[in-house]
Amino acid sequence: MELPPELLEAEYLPLPIAALVAYYKVTDIRRRVPQDHIGETIHAMAVALSAVAPIYGPGDGEEKRCPLSAREVDELLLKPAAPAALPALDSLSIRKADMQRGIETLKASGGASWRAE
């Protein structure tokens, strides 16, 4: 999966897009994720990326984005307020360079949890 043209030059990527790109690169799966599993897939890869790369909160225009603390990542990604609901990741981002390093780290870990069955 390639990035949309408007994001090719961006320093920060929206976390849902980065997670989906990372999923395809880490798993090397060529078929699309079924629509009924895409939210879970994006969330799981966002959690995996957060373990190997900084995740950033929202930044307004010229305002510098700040990386989330481990506690904030835990609250937003691992323990959402509504137990049955997946958290909204749209306001979170990751630096493209960090995503690339994170993908390489996840690939090097063997990707056992990402292998297609």
Side-chain angles (χ1 to χ4, degrees):
M1 176 177 193
E2 298 300 320
L3 290 174
E6 65 274 8
L7 294 178
L8 287 175
E9 300 300 320
E11 179 180 4
Y12 293 91
L13 297 174
L15 188 55
I17 291 172
L20 196 54
V21 169
Y23 174 78
Y24 284 111
K25 291 189 182 264
V26 169
T27 63
D28 202 27
I29 290 177
R30 300 286 180 226
R31 65 183 187 278
R32 288 183 177 241
V33 175
Q35 278 301 114
D36 56 338
H37 294 303
I38 200 159
E40 295 167 0
T41 300
I42 288 172
H43 179 254
M45 185 53 80
V47 169
L49 281 173
S50 75
V52 296
I55 304 299
Y56 292 81
D60 296 327
E62 297 299 316
E63 181 183 325
K64 185 174 178 167
R65 298 171 197 234
C66 295
L68 299 177
S69 68
R71 181 177 176 198
E72 290 170 315
V73 168
D74 186 46
E75 288 173 3
L76 290 170
L77 297 178
L78 301 175
K79 298 177 185 171
L86 294 176
L89 304 177
D90 294 338
S91 66
L92 305 179
S93 61
I94 186 170
R95 285 182 57 238
K96 193 181 334 180
D98 292 336
M99 178 194 73
Q100 297 293 352
R101 282 190 293 276
I103 288 169
E104 293 307 314
T105 300
L106 292 170
K107 279 182 170 182
S109 72
S113 62
W114 300 106
R115 288 199 185 107
E117 297 182 24

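All residue numbers in this chain count up from 1 along the given sequence.
Note that CG of Leu68 and OG of Ser93 are 8.5 Å apart. Values are rounded to the nearest 0.5 Å. Between atom CD of residue Glu72 and atom OH of residue Tyr56 there is a gap of 13.0 Å, rounded to the nearest 0.5 Å. Here the straight-line distance linking atom CG of Leu20 with atom CD1 of Ile38 works out to 5.0 Å at 0.5 Å rounding. Leu49 contributes atom CG, which lies 10.0 Å from atom OG1 of Thr105 (distance to the nearest 0.5 angstrom). Note: Leu76 CG to Ile55 CD1 = 10.5 Å, rounded to the nearest 0.5 Å. Considering OH of Tyr23 and CD1 of Ile103, their distance stands at 13.5 Å, rounded to 0.5 Å.
When each of Asp74, Val73, Leu78, Leu92 is paired with Ser50, the side-chain contact (heavy atoms from CB on, under 4.5 Å) condition holds for Val73 and for no other.
Lys96 contributes no side-chain N or O that, together with a main-chain N or O of Leu13, makes up a donor-acceptor pair within less than 3.5 Å.
Nearest heavy-atom pair across Ile42 and Pro16 is CG2-CA, 3.7 Å. Annotation for Pro54 and Ile94: closest pair O-CG1, 3.6 Å, computed over non-hydrogen atoms.
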Kindly indicate, with the supporting measurements, whether the criterion side-chain contact (heavy atoms from CB on, under 4.5 Å) is fulfilled by Met45 and Leu106. CA-CA 10 Å; Met45 185 53 80; Leu106 292 170; 3.8 Å; yes

Under the side-chain contact (heavy atoms from CB on, under 4.5 Å) rule, what do Val47 and His43 come out as? Steps first, then yes or no, please. CA-CA 6 Å; Val47 169; His43 179 254; 3.9 Å; yes

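Between Asp98 and Arg101 there is a salt bridge, since at least one side-chain N of the basic residue sits less than 4.0 Å from a carboxylate O of the acidic one.
Looking at heavy atoms from C-beta onward, Met99 lies out of side-chain contact with Tyr12 at the 4.5 angstrom threshold.
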